[in-house]
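Below is one structure, written out as structure tokens; the observations come after it.
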Amino acid sequence: MSEVGESLNFIEHIVEEDLENGYSPSDLRFRFPPEPNGYLHIGHASSICLNFGLGLRYNAPVNLRFDDTNPIKEEQAYVDAIKKDVEWLGYNWDTERYASDYFQQLYDWAVMLIKEGKAYVDSQSSEQMAAQKGTPYEPGRNSPNRNRSVAENLELFKGMKDGNFEEGSHVLRAKIDMTAQNMLMRDPIMYRVLHKAHHRTNTDWCIYPMYDWTHGESDYIEQVSHSLCTLEFAMHRELYDWFLDQVVDSKKLRPKQREFARRNLSHTVVSKRKLLQLVEQHVVDGWDDPRMPTISGLRRRGYTPEAIRNFVDTIGIAKRENLIDVSLLEFHAREHLNKIALRVMGVLDPVKVVITNYPEGEEEWLETENNPEDESAGTRQIPFSREIFIERADFKEEANRKFFRLKLGGEVRLKSAYIIKAEGCTKDADGNIVEIQCVYDLKSKSGSGTEESMRKVKGTLHWVSIKHAIKAEVRLYDRLFSDESPDTHKDKDFMDFINPEALEVITGYLEPSLVSAKIGDRVQFQRLGYFCVDPDSSQENLVFNRTVGLRDTWAKIQDQ
RNA sequence: UGGCCUAUGGUGUAAUUGGCAACACAGCUGGUUUUGGUCCAGUCGUUCUAGGUUCGAGUCCUAGUAGGCCAACCA
């Protein structure tokens, strides 16, 4: 994986430095620590690739650890979805862990802290405590409960654990410093009373530990060497270290927290809370809706794990704010799909073409290559007949030289078939073209080797024989938000920027080979884009999702 | 009024740790092409500001500016 001259990100530099300064390679251990309160999104992919990538690079174990300390928001269904996504991305964790596995150890340590006078039970309301906490500019004040006796603290804490108290009646706080600059050090809460069933521990516990108390100690228990998290936890590091100081054995490895900037993707939101809002308000059809930037949404959209990993690799890891253009993600989808997707033909906005000199009732099967990028993909047969569909946009009665598609009196090549010439068209009462009449050159058949078949014609169109075409539902996706950074406007809600045209459902006419397409199959509809078969698809109703369109130079020329 | 973090082309990330600012995407120009795709060639353009240290600064120091984060019994 690592090569000479390869450039490292700042996290890798830190690891390299640690290795030089005495860490043994066997000391290295990483973890990916999702909270099971939602689905993983493209931002998490960065963290997954970072942690598991480090594991691969240094041949070090990586744990999958669920940070499940808040039973109000967490569910087993999310655990399952997260595991599926990590596996799909192509990573193997060393062991599957849960912060809840450590509840007893955490409790024992908390009792120890109480005995050492470093933690106390506070029995005020959250409002009272908030008022005493001060502000970033003013110090806080001590709680009246701060100097309770060890015995009383012990008894109250035991009572909290045993379920003798109502939610909100007591909390356990670390006794640090109410005047600290860092507000997280102003006697942070370690435990709250919660009479909620937990997805793993059920009703065993009536108290649940807070993130700060749990995370670093979990890293320590697992002997994680580098605990990597996003920048918003930078201020938590001081507390992370303080909690570690209370329990570490100097003979064991002490984890270190380092922070990196989360990745923001343009034209979407990368926040579980906001994505949940989209799901709950039915803006999308679920966490795996192909419009969603979730791993499961991207999967359903037709993205490959390789494309996502390559994307994550090129955007890198750093500490500055960023807004990565979604076109870079699309580039990586095309890059991989170009290599693996079989080429097929489908017409999404059809107009009928009649080849007047082609015998009525006749049909023939033509050979066409499955993927010009991959000779081993072979060839297949496609049917041709007198009446075909082409794209409406591929015909104009009159057009300038730049338009090298079909126009009256002009010639085009039908992909893998014949050269045709448009001689006329008929319109309905509203002036819409309903039929184009063409003649074909019998000798121009693709691959026949004749002089005529070698003729250079500027345009090549995709087409489908009407008689043989199969209908399919085609879902065309666009960006979910019209604004490139919908959730950074101070005076507007991100929901105001939802793009109502992010999904358009149409009927497409596809070549018959696609009847056997299976859920998840990825193909390129030639000249249109990459599509994949949606899980909603059935024998009766084929459903294709557009993953991403092809690069479209013609669209750019038209815009000018 | 405070603390912490960050600042490199349009975007993202590098720079052998103080030694010719590079890679990818996007853009533009051409070539190839039975996909206006792919591929190939070329091109455009960058170190927030002001001082300082140094033979030499994107990198170190000082000040400023701009942006992000910090007052949940969330993570």
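Chain A is the first sequence line, chain B the second, and so forth, proteins listed ahead of strands; every chain is numbered from 1. Since the model is a prediction, treat every value here as computed from it, not as a measurement.
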[N] to [M] separation - [atom1] atoms, rounded to the nearest Å:
{"N": "A22(B)", "M": "A15(B)", "atom1": "C1'", "answer": "7 Å"}
{"N": "A7(B)", "M": "U47(B)", "atom1": "P", "answer": "15 Å"}
{"N": "C48(B)", "M": "G9(B)", "atom1": "P", "answer": "7 Å"}
{"N": "U54(B)", "M": "G64(B)", "atom1": "C1'", "answer": "23 Å"}
{"N": "A57(B)", "M": "A72(B)", "atom1": "P", "answer": "47 Å"}
{"N": "U43(B)", "M": "G10(B)", "atom1": "C1'", "answer": "16 Å"}

Determine whether the aromatic ring centres of [X] and [Y] lie less than 6.0 Å apart.
{"X": "Y440(A)", "Y": "Y418(A)", "answer": "yes"}
{"X": "Y211(A)", "Y": "F233(A)", "answer": "yes"}
{"X": "W213(A)", "Y": "F243(A)", "answer": "yes"}
{"X": "H336(A)", "Y": "Y303(A)", "answer": "no"}

Suppose we define a pair by two distances each less than 3.5 Å, Watson-Crick or G-U wobble; what does U11(B) pair with here? A24(B)
Is a donor on one side and an acceptor on the other found under 3.5 Å between the side chain of N153(A) and the backbone of V121(A)? yes
Strictly under 4.0 angstrom, non-hydrogen atoms only: write out the protein contact profile of nucleotides 69-75 of chain B, one letter per nucleotide from the 5' end, B, S or -. --B-BSB
Taking only residues two or more places apart in sequence, or in another chain, which ones meet E35(A) in a salt bridge (Lys or Arg N to Asp or Glu O under 4.0 Å)?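 With neighbours one apart ignored, the set is empty.
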Does G27(B) have OP1 or OP2 under 4.0 Å away from a side-chain N or O of K556(A)?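 For G27(B), OP1/OP2 do have a side-chain N/O of K556(A) under 4.0 Å.
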OP1 or OP2 of C5(B) under 4.0 Å from side-chain N/O of K319(A):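 No, K319(A) has no side-chain N/O under 4.0 Å of OP1/OP2 on C5(B).
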May I ask you to test the R31(A)-L64(A) pair for a side-chain heavy-atom distance under 4.5 Å?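 SC-SC contact between R31(A) and L64(A) ruled out.
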Considering every strand and a 4.0 Å limit on heavy-atom distances, what is the contact class for L461(A): base, sugar-phosphate, or nothing? nothing
May I ask you to say what I317(A) touches in the nucleic acid, namely base, sugar-phosphate or nothing, with a heavy-atom cut-off under 4.0 Å? sugar-phosphate
Pull out every protein N or O sitting under 3.5 Å from an N or O of nucleotides 37-39 of chain B, one pair per line with the distance.
residue : atom : partner : partner atom : Å
G37(B)  : OP1  : T553(A) : OG1          : 2.6
G37(B)  : N2   : R343(A) : NH2          : 3.3
G37(B)  : N2   : E373(A) : OE2          : 2.9
U38(B)  : OP2  : R551(A) : NH1          : 2.8
U38(B)  : O2'  : N338(A) : ND2          : 3.1
U38(B)  : O2'  : E373(A) : OE1          : 3.0
U38(B)  : O2'  : E373(A) : OE2          : 3.2

Just by distance, no angles: are the side chains of R334(A) and T547(A) close enough, under 3.5 Å, to form a donor-acceptor pair? no
May I ask you to verify whether the side chain of S446(A) and the base of U34(B) hold a donor-acceptor pair under 3.5 Å?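 A donor-acceptor contact between them is present.
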